Amino acid sequence: MAENGTVVTEFVLLGFRLSAELQTGLFLVFLLLYLVTLGGNLGVMALIQSDPRLRTPMYFFLSHLSFLDVCYSSVIVPQLLEALRTEKRTIGFERCATQFFFFTLCASTECFLLAVMAYDRCVAVCSPLLYASAMTPRARLGLVAAAYGGAAVNSTVRTGCAFSISFCKSNRVDFFFCDLPPLLKLACSETRPRERVIYLLAFLVIATSVSAILISYLFIIRAILKIRSAGGKAKTFSTCASHITAVALFFGTLIFIYLKGNMGKSLGEDRVVSVFYTVVIPMLNPVIYSLRNKEVKEALKRALSRMKVSQVE
């Protein structure tokens with residue numbers, strides 16, 4: 001229900017209320033970031049598929065992380081670009097629910113996948129001789145399927161709870177996409193039971209993933225401390241550095257935005273943080289994994305060399 005008592009069939013995403021000049025500038029910035037995100041992540045996926053030396057468990061999981069980053073960004077950014085460019089800020093009820101579902105699906109899957117990648121590094125460092133037998137193609141597929149399956153259950157329940165609420169205070173969402181906290185501000189029915197379920201699920205996803213990551217790295221640290229040479233310790237730790245950076249960026253912002261308390265006190269701050277984890281982080285992940293990874297850089301050099309040879313021929 002809206003303010004006049006009619007059923008809400010669409011929402012108005014207020015987004016970034018700026019002057020026309022600033023909106024044009026912001027449109028160009030977000031468009032550039034989105035194109036870089038698509039190019040970087042699709043490039044990583046293509047590189048992993050084309051280079052036989054990268055067809056290992058770690059890069060298998062990395063290709064799925066790149067796929068998720070493309071989807072994650074594509075759920076949010078096109079809608080944002082449309083609003084900045086055309087001033088069309090309305091979004092249908094069903095489309096809003098769909099955006100929320102896929103946003104939650106991508107975010108939850110990325111949480112679980114980062115935990116899976118930590119487990120992969122743990123097995124590689126702690127039991128290198130058993131790594132090949134532990135991370136078989138079937139095991140990899142099972143871990144990835146579990147990540148997607150758990151995320152699908154979480155996003156289905158969260159979306160069902162969120163969009164079974166009656167909206168009657170307004171249909172104006174003070175945000176740039178259909179996220180949960182600003183939507184709850186429009187509710188006129190009792191939301192506390194559903195909010196408990198929604199936030200409990202968010203807590204379980206984050207807590208389970210972070211716990212798995214921390215436990216994996218405790219074993220990794222213990223294994224590294226047993227290495228006698230400083231060079232050996234540094235080399236072993238360097239194989240985990242990219243993952244640690246990605247985990248810190250993703251979970252740091254996610255925990256801040258969802259578990260920091262009353263959102264209404266700092267909407268501007270929440271917009272900045274949300275832009276960071278929906279637009280910036282998906283763009284940064286390919287950079288993190290390529291600049292800090294010798295194998296990826298060498299694979300890229302081989303791919304560029306093949307392209308030069310084919311052009312000469």
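Quick caveat: nothing in here was measured; it's all calculated off a predicted structure. Note: hydrogens, waters and symmetry copies are ignored here, and every other heavy atom, side chains too, is used.
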query = Who are the disulfide bond (SG atoms under 2.5 Å apart) partners of Cys111, not counting sequence neighbours?
reply = none
Suppose we screen for side-chain hydrogen bond (donor to acceptor under 3.5 Å, both in side chains). Which residues come up paired with [X], at least two apart in sequence or across chains?
| X | result |
| --- | --- |
| Arg194 | Ser164 |
| Glu195 | Thr191 |
| Tyr59 | Asn293, Glu295 |

message = Working note: Phe237 + Ile244, criterion side chain to side chain contact (heavy atoms under 4.5 Å, CB included); need CA distance, chi angles, decisive distance, verdict.
response = CA-CA 10 Å; Phe237 183 78; Ile244 292 172; 3.7 Å; yes
N/O donor to acceptor pairs below 3.5 angstrom from side-chain atoms of residues 134-142, sequence neighbours left out:
from   : atom 1 : to     : atom 2 : distance (Å)
Thr136 : OG1    : Ala139 : N      : 3.2
Arg140 : NE     : Met135 : O      : 3.3

query = Can you tell me if Ser133 uses its side chain to pair, donor with acceptor, with the backbone of Leu130 under 3.5 Å?
reply = yes
query = Pairs in or reaching into residues 75-86: which pass side chain to side chain donor-acceptor pair (under 3.5 Å), with residues at least two apart or in two chains?
reply = Gln79-Arg95
request  = Would you mind listing every side chain to side chain donor-acceptor pair (under 3.5 Å) that reaches into residues 101-110, with sequence neighbours excluded?
outcome  = Ser108-Asn154
message = Show me the pairs that pass disulfide (SG to SG under 2.5 Å) and involve residues 61-103, at least two apart or across chains.
response = Cys96-Cys178
Partner residues of Arg192 under the side-chain contact (heavy atoms from CB on, under 4.5 Å) criterion, sequence neighbours left out = Glu190, Arg196
Ala223: side-chain contact (heavy atoms from CB on, under 4.5 Å) partners, not counting sequence neighbours = Val125, Cys126
query = Less than 6.0 Å separating the ring centroids of Phe163 and Phe93?
reply = yes
Using residues 117-124 as the side-chain source, report each donor-acceptor pair under 3.5 Å to any protein atom, sequence neighbours left out, with the distance given to one decimal.
from   : atom 1 : to     : atom 2 : distance (Å)
Asp120 : OD1    : Tyr131 : OH     : 2.5
Asp120 : OD2    : Tyr131 : OH     : 3.4

Check residues 210-221 and write down every donor-acceptor pair under 3.5 Å in which the side-chain atom is one partner and the other belongs to a residue at least two apart or another chain.
from   : atom 1 : to     : atom 2 : distance (Å)
Ser211 : OG     : Ala207 : O      : 2.7
Ser216 : OG     : Ala212 : O      : 2.8
Tyr217 : OH     : His243 : ND1    : 2.7

